[in-house]
Structure formats: C-alpha cells, structure tokens
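Let me begin by presenting the structure, written as structure tokens, before commenting on it.
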Amino acid sequence: MPELPEVETLCRQLRKTIVGHTLLNTRTLDEKLENFSELENHQVISVTRRGKNLLLSFDNGRVLVIHLRMTGRLLWQEENGATPNYTRFIMTFPHGRIFFIDPRRFMTITWERTFPVQCGPEPLPRIDPAYMTGRGKNRKGPIKTFLLDQTVIAGISNIYACEILHLAEIAPMRPVCSLDAQQWQRLLSAADAILNKAVKCRGTSISDWRDFNGQKGTFQNELRVYGRDSLPCPRCGATVVRCSLGGRGTYFCPECQT
DNA sequence: CCCTATGTTCCCAA
DNA sequence: CTTGGGAACATAGG
C-alpha cells in the first residue's frame, strides 16, 4: 500500500516532528531487524524520500533507510500509551516516540551502505518522455508492469499505476514499445497529476494505510478504476474490468483505455 | 480449506 | 547480457 504519495506524506510529517531532535532510545522487537542502538543520543539532521524509501540522516553521519513494503506503518505517539499490536521497532525522542508497525514483517530498516538500491528517476517533477522511450525500446511486456519497475520509475505501485493509465487513456496490457510519443507525453502528465493529487490527499486509505498521526488519507474517494470492477467508468460509462497482469489485480476501462 | 492482498528479490529459462 | 515469469517472504481476512 505505501507508494510514493503515502511515503511522501510520512516523510513530511516525520520531518516536521523529529528534525533537530535527539533520538534517546531504540528498541528492536523483531529478530529479523538489526540493533540500531548506535544511533542513540544522536540528532536527526534530515528526513528525505527516494522512491518508496525514507532516509533519516543523523549527526554521526549514519543514514537509516526505511522501506515499508506491503503493510508497514509509522505511528507517532506523544503521550505514554500502550504499544500497538505488531510493533517491530520503537524510536523514543524527548517529546514522543515512533512505533514501526508491520503485521507481515516485510518492512526493512537498513544502513545507508545498502543504498542506493537501483532506483529510477522520480516521477515528480515530470520525467522527460525521451528517457521513457529510451528505456522502453525493445520492451515487449505490458506498460503497467513497466510502470511498477522501480529501476525504471521510482515510487509507483499497483493502485497508482492503474489510475495513471486510466487518466492517460492507455490500456494496461499495451506492449511498452508500442506507445507513441504523444502517449508517453500523456502518461507522464497523468503520473504527475495523479501523484500530486494523491500527495495532497495524504494517500489512499483503501485498507490499512494511516498517516503518522493515525489519520486516513482521502484519495480512496478519488479512485476512478482501482477496486471498481463491474462499476461504470467515470469517463465513458462503460463497465470497468479487472484482470491479472504480472500476478497483480489490474483495473481498467476496456472502452476508453486503448 | 481455498483464495486474495498493497512490494521486492531471487531463481531460472528463453 | 537482457527480459520475463513465477515462487518466496509472513500474516490476516473473506
């Protein structure tokens, strides 16, 4: 669930809350995660985002890279309260603490030395279409799968890929190399529009996504195809279809997406 | 019991 | 070397 807009939302909230503050204590509650006590008593210098990764820089030169994968969440708590279920890691600051929550335990927390992962360019601001035609040359696979490839573009996953292709009026199964210049243009404009709007909405709370304060986002109210199979397409009225591409649920309008 | 789920990485085959 | 398909990771919910 956490894609670029969700991670960007957390990034901004985290930045406002912890930059300039000293990390007093860390606690690892999952043996899959390392011990990070080396960061204790060091100040947070910056919080940034790269694709779906959150980067926390500390004043000892270390950078922590957090990836939430499928079900990871970060939750801020100022009052001393109960530890939420599935908490895997805790960071305590003078004015509150951060719970790293993850039922499925896919979340990763690593040092900078394992970074940069191969990460394509950020879709915001808009990517140059020439880059996409270059990368997409000779690619026979479906455009939707291509959009999910983090080494091509950083930060897009299933929900936003479906929404972007719908706005761009491009069918998800179209071979990458079949897109013309105008379609690449439309695709990149659509990515820019959808992702910007989703950031403004603080993400899509279709199941368990919550922001740093436990609040839902609102982009689920803006979805035009994702999760809407057998409902009418908001643009042309035809029935939205669900199919499987690369093993993932894919929603599109067979009428106006070509 | 079965199937599905938001992401990534690894293995393998063409 | 590149590309693409599928399984694996761990768990909850319908």
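In what follows, every chain begins at residue 1, and chains take the letters A, B, ... in the order their sequences are listed.
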Using distance only, find each side-chain donor-acceptor pair of residues 212-220 of chain A under 3.5 Å and give its atom names and separation, not counting sequence neighbours.
| residue | atom | partner | partner atom | Å |
| --- | --- | --- | --- | --- |
| A:Thr218 | OG1 | A:Cys201 | O | 3.4 |
| A:Gln220 | OE1 | A:Ser205 | N | 2.9 |
| A:Gln220 | NE2 | A:Gly217 | O | 2.9 |

Please tabulate, one pair per line, all N/O donor-acceptor pairs under 3.5 Å involving side-chain atoms of residues 159-168 of chain A, not counting sequence neighbours.
| residue | atom | partner | partner atom | Å |
| --- | --- | --- | --- | --- |
| A:Tyr160 | OH | A:Glu6 | OE2 | 2.7 |
| A:Tyr160 | OH | A:Thr204 | OG1 | 2.6 |
| A:Glu163 | OE1 | A:Arg224 | N | 2.8 |
| A:Glu163 | OE2 | A:Arg224 | N | 3.3 |
| A:Glu163 | OE2 | A:Val225 | N | 3.0 |
| A:Glu163 | OE2 | A:Tyr226 | N | 2.8 |

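Distance CZ (A:Arg210) to C1' (B:dT6): 14 Å, rounded to an integer number of Å. In this structure, CZ of A:Arg69 is placed 16 Å from C1' of B:dA5, rounded to the nearest angstrom. Between A:Leu68 atom CG and B:dT6 atom P the separation is 16 Å, expressed in whole Å. Note: NZ (A:Lys137) to P (C:dT3) measures 12 Å, nearest angstrom. Atom CZ in A:Arg242 sits roughly 14 Å away from atom P in B:dC3 (whole-Å rounding). At whole-Å resolution of the value, CZ in A:Phe106 and P in C:dT11 are 9 Å apart. In this structure, A:Leu148 atom CG and B:dA5 atom P are separated by 13 Å, rounded to whole Å. Between A:Leu245 atom CG and C:dG4 atom P there is a gap of 13 Å when expressed in whole angstrom units.
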At a cut-off of 3.5 Å, list every protein nitrogen or oxygen paired with a nitrogen or oxygen from nucleotides 5-8 of chain C, distance to 0.1 Å.
none

Would you tabulate the nitrogen or oxygen pairs shorter than 3.5 Å linking the protein to nucleotides 12-14 of chain C?
| residue | atom | partner | partner atom | Å |
| --- | --- | --- | --- | --- |
| C:dA12 | OP1 | A:Tyr86 | OH | 2.9 |

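C:dC9 and B:dC1 are spaced 22 Å apart, taking the C1' atom of each and rounding to whole Å. Across the C1' atoms, C:dG4 and B:dT6 are found 22 Å apart, a figure rounded to whole Å. B:dT8 and C:dA12 have their P atoms separated by 22 Å, with the value rounded to a whole Å.
Among the atoms of the strands shown, only primed sugar atoms or phosphate atoms (P, OP1, OP2) are found under 4.0 Å from some heavy atom of A:Tyr226. Using a 4.0 Å heavy-atom distance criterion, A:Asn138 is classed as making no nucleic acid contact. Contacts of A:Glu6 with the nucleic acid, taken as non-hydrogen atoms under 4.0 Å apart, are absent.
There is a side-chain donor-acceptor pair under 3.5 Å between A:Asp102 and A:Thr71.
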Could you provide the dot-bracket string of DNA chain B, using ( ) for intrastrand pairs, [ ] for crossing pairs and | for bases paired to another strand, with Watson-Crick or G-U pairs below 3.5 Å? .||||.||||||||
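In this structure, the side-chain hydrogen bond (donor to acceptor under 3.5 Å, both in side chains) partners of A:Lys144, at least two apart in sequence or on a different chain, are A:Asn158, A:Thr250.
Hydrophobic clustering (side-chain heavy atoms under 4.5 Å, transitive across Ile, Leu, Val, Met, Phe, Trp, Tyr) groups A:Trp209 together with A:Ile206. The cluster map of Ile, Leu, Val, Met, Phe, Trp and Tyr, joined by side-chain heavy atoms under 4.5 Å apart, puts A:Leu33 and A:Leu74 in the same cluster. In the hydrophobic clustering of ILVMFWY residues, with side-chain heavy atoms under 4.5 Å counting as a link, A:Val47 and A:Leu124 come out together.
Between A:Lys140 and C:dT2 there is no side-chain N or O to OP1 or OP2 distance below 4.0 Å. Between C:dG4 and A:Arg139, a contact under 4.0 Å exists linking OP1 or OP2 to a side-chain N or O.
The nucleotide whose nearest atom lies closest to any side-chain atom of A:Asp208 is, among C:dC9, B:dT6, B:dT8, B:dT6. Nearest to the side chain of A:Arg105, among B:dT6, B:dT4, C:dT11, sits C:dT11. Nearest to the side chain of A:Asn158, among B:dA5, B:dT6, B:dT8, sits B:dT6.
A donor-acceptor distance shorter than 3.5 angstrom exists from the side chain of A:Gln257 to the backbone of A:Ile170, with no hydrogens or angles considered. Remark: the backbone N or O of A:Thr83 is not paired with any side-chain donor or acceptor of A:Thr87 at under 3.5 angstrom. Side-chain atoms of A:Asp229 do not come within 3.5 Å of backbone N or O of A:Val241 as any donor-acceptor pair. When atom types are taken as modelled, the side chain of A:Thr133 and the backbone of A:Pro129 share a donor-acceptor pair closer than 3.5 angstrom.
Contact of the A:Arg186 side chain with the A:Ser189 side chain is not registered, since no non-hydrogen atoms from C-beta on lie closer than 4.5 Å.
With respect to A:Glu31 and A:Arg105, a salt bridge is recorded, a charged nitrogen being found less than 4.0 Å from a carboxylate O.
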